[in-house]
Amino acid sequence: MAACGGCRFFVLTLRTLCGTSRSASLCTLPSATHRTFSTSVGTYSLDPLPSGSRKTPAPVAKPERISPSSGGVQRNLSAVAVPLQGQFRPLCRYDPLDLGDVEENTQKALACKHLRQFIVDPSLARIVTDHLAGDIDDGKAVIFECNPGPGVLTRALLNRGAQRVVALESDTNFLPDLKDLERKLDGQLDVVHCDFFKLDPLGHGSMKPPVMYSEKLFSELAISEVPWTADVPVKIVGIFSQRNEKNILWKLIYNLFERRSIFHYGRVELIMFISQKEYAKLVTRPRDYRNYQAFSVLWQMACDIELLHEEPLSSFLTVTKNSGRPSSKNTSSQSDKLCLVRITPREDLFNSHLTPLNGSTLVLMVKQCLAKRKSRLIEQINSWSPGSGSELISKLSFLDDTMTGDVYPDEFKRLFELMEQSGNFTQSWLYEEMLETTNTGHA
């Protein structure tokens, strides 16, 4: 077929830019490389595979949707770059991944046989990524997505520019599609058969996926431990299970104060949807004697808590374990909402008096103090070490009638530090009970 003069000029221009070698990539063209990320050299990246070992992905039955703002030249260069660069599809803002529609995503989510909630609406996924724009643009942290299901938020995160997303999916029904997406990308996505909420169970020995030890997970992802005062290495994104939300939060707070599990690797940040009820408890302040609990004190002491967004529960698809049917909870109450909350561990949490070695002792101290929120703090202290209450109350500038439910989180931390310095509490029953609790495995 004869080529027109314009086409011949375009081909000659490309050869001039890229050289005569057929193996040369179009990466020298800005429009082809703006969204291509090289994660193999990053601190948190897996070792790259040799190009010869990469498998050519199967043809995609449904074409990816193209942004209406994309120009013809840029779109064509993106399409040409794939076979020349190898077998992976580089991300490009002119060629976003298809997020599907609500009906299509709902059908995929119904494959789930367990009680779970899903983001199936692309507009909701974009709302989430809008709130994560700064995190994504910063690009320093790996993003762990908990139970992505049909992968709507996964694709939205990648479209927004996330350099590395790790999809932790517990249900095998969703793994084939997620793995297929992983193979089509150039290292921006890792898919792991893992239930984030079941990481690090009690006991020892081999575990069968989706149950997993965090040590194995982080090792396989080549993510190393960083100092507590370093930047956040990992951000966890997802939806807390409504069925055992409180238990999961308690497990996380113990792990945080002891720097175990995911917190062994640094100040791992949570960006999660949580129920309004539990969020209210997280941020309750002193003198609210009904709702101010140890749970509130410990999270506020350990972390900065920021409300990013509130979304009606009806915006999520809730699937039951009865043959994957949608739950009536979706329409039960229009006032029910889930709160998207950012929980960032404080850089100055630990010091010479509060360490991961005695963190669980502080947790127990706070739980005992807040068991009766209208009891006098001085009496609680004297129950641990007779005669010590007046001295510590004075150092804290409290009145003798100060009640435990009046004390702020940072004041509880200061009280614990004073107890550590005094040396009068090492043989108290507070510590003995802590050891018994630890030995019996109750957290």
Side-chain angles (χ1 to χ4, degrees), residues 25-49 51 54 57 64 67 74 78 81-82 85-99 119 125-146 148 151-169 178-192 194 196 217-226 230-238 262 265-272 308 342 344:
S25 170
L26 291 180
C27 290
T28 53
L29 296 179
S31 57
T33 62
H34 187 77
R35 302 301 287 178
T36 303
F37 302 99
S38 177
T39 61
S40 60
V41 297
T43 304
Y44 306 114
S45 299
L46 292 170
D47 294 332
L49 293 173
S51 59
R54 293 173 177 168
E64 303 284 324
S67 170
Q74 290 91 338
S78 176
V82 176
Q85 287 187 341
Q87 288 72 31
F88 288 138
R89 172 193 186 278
L91 287 179
C92 177
R93 64 172 150 184
Y94 305 109
D95 185 16
L97 296 167
D98 182 11
L99 302 187
I119 294 177
R126 294 188 188 99
I127 288 174
V128 176
T129 57
D130 285 346
H131 285 290
L132 271 62
D135 307 271
I136 294 172
D137 293 342
D138 179 62
K140 294 180 180 179
V142 182
I143 296 177
F144 281 15
E145 184 188 1
C146 303
V152 182
L153 180 57
T154 313
R155 290 171 169 82
L157 288 167
L158 293 166
N159 285 346
R160 184 60 184 79
Q163 296 189 30
R164 189 179 181 197
V165 176
V166 177
L168 304 178
E169 178 53 58
L178 291 169
K179 286 285 188 181
D180 185 53
L181 177 62
E182 177 186 29
R183 286 189 291 268
K184 294 172 184 175
L185 297 176
D186 193 15
Q188 294 92 348
L189 177 65
D190 295 296
V191 178
V192 183
C194 171
F196 171 77
L217 174 64
F218 279 70
S219 175
E220 291 184 351
L221 294 170
I223 300 177
S224 303
E225 174 191 357
V226 299
D231 290 332
V232 171
V234 173
K235 297 175 186 282
I236 312 290
V237 180
I262 59 174
Y265 298 89
R267 293 186 302 119
V268 173
E269 185 176 82
L270 304 173
I271 308 175
M272 302 287 289
L308 301 178
R342 182 193 302 276
T344 311

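Taking CG of Leu308 as the reference point, atom NE2 of His131 lies at 6.0 Å (rounded to 0.5 Å). For the atom pair CG of Leu97 and OG1 of Thr154, the computed distance is 10.0 Å after rounding to the nearest 0.5 Å. Rounded to the nearest 0.5 angstrom, Leu168 CG and Leu217 CG are separated by 6.0 Å. Here the OG1 atom belonging to Thr129 is positioned 9.0 Å from the CD1 atom belonging to Ile127, to the nearest 0.5 angstrom. To the nearest 0.5 Å, the span separating CD1 on Ile143 from CG on Leu158 amounts to 8.5 Å.
Judged purely by atom type and a 3.5 angstrom limit, Gln188 uses its side chain to pair as donor or acceptor with the backbone of Asp186. Although no hydrogens or angles enter the test, the distance criterion places a donor-acceptor pair under 3.5 Å between the side chain of Lys179 and the main chain of Val191.
Closest non-hydrogen pair, Met272 versus Cys146, comes out as CE-SG, 4.4 Å. The heavy-atom pair separating Leu189 from Glu182 by the smallest distance is O-CG, 3.2 Å. Residues Ala167 and Pro148 share a closest heavy-atom pair of CB-CG, 3.8 Å. The shortest non-hydrogen separation linking Ile262 to Phe218 is CG2-CE1, 4.1 Å.
Residues Leu99 and Asn159 meet the side-chain proximity criterion, which asks for heavy atoms closer than 4.5 Å. Here the side chains of Glu269 and Val234 are not in contact, with every heavy-atom distance at 4.5 Å or above. Between Thr344 and Leu270 there is no side-chain heavy-atom pair separated by less than 4.5 Å. For the pair Val142 and Leu221, the minimum side-chain heavy-atom distance is 4.5 Å or more. When side chains are defined from C-beta on, Gln163 does not count as touching Ile136, because their heavy atoms never get closer than 4.5 Å. Residues Asp190 and Phe144 have side chains not in contact (no heavy-atom distance under 4.5 Å, counting atoms from C-beta outward).
Residues forming a salt bridge (Lys or Arg N to Asp or Glu O under 4.0 Å) with Glu145 (at least two apart in sequence, or on another chain): none.
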Residue pair Ile236, Ile271: steps toward the side chain to side chain contact (heavy atoms under 4.5 Å, CB included) verdict: CA-CA 6 Å; Ile236 312 290; Ile271 308 175; over 6 Å; no

Evaluate the criterion side chain to side chain contact (heavy atoms under 4.5 Å, CB included) for residue pair Val232 and Val268; output intermediate values, then yes/no. CA-CA 6 Å; Val232 171; Val268 173; 5.8 Å; no

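By the 4.0 Å N-to-carboxylate-O rule, Asp137 lies close enough to Arg160 to be salt-bridged with it. In this structure, Asp130 does not pair ionically with Arg126, as no charged nitrogen and carboxylate oxygen lie closer than 4.0 Å. Using a cut-off of 4.0 Å between Lys/Arg side-chain N and Asp/Glu carboxylate O, Arg342 and Asp135 are scored as salt-bridged.
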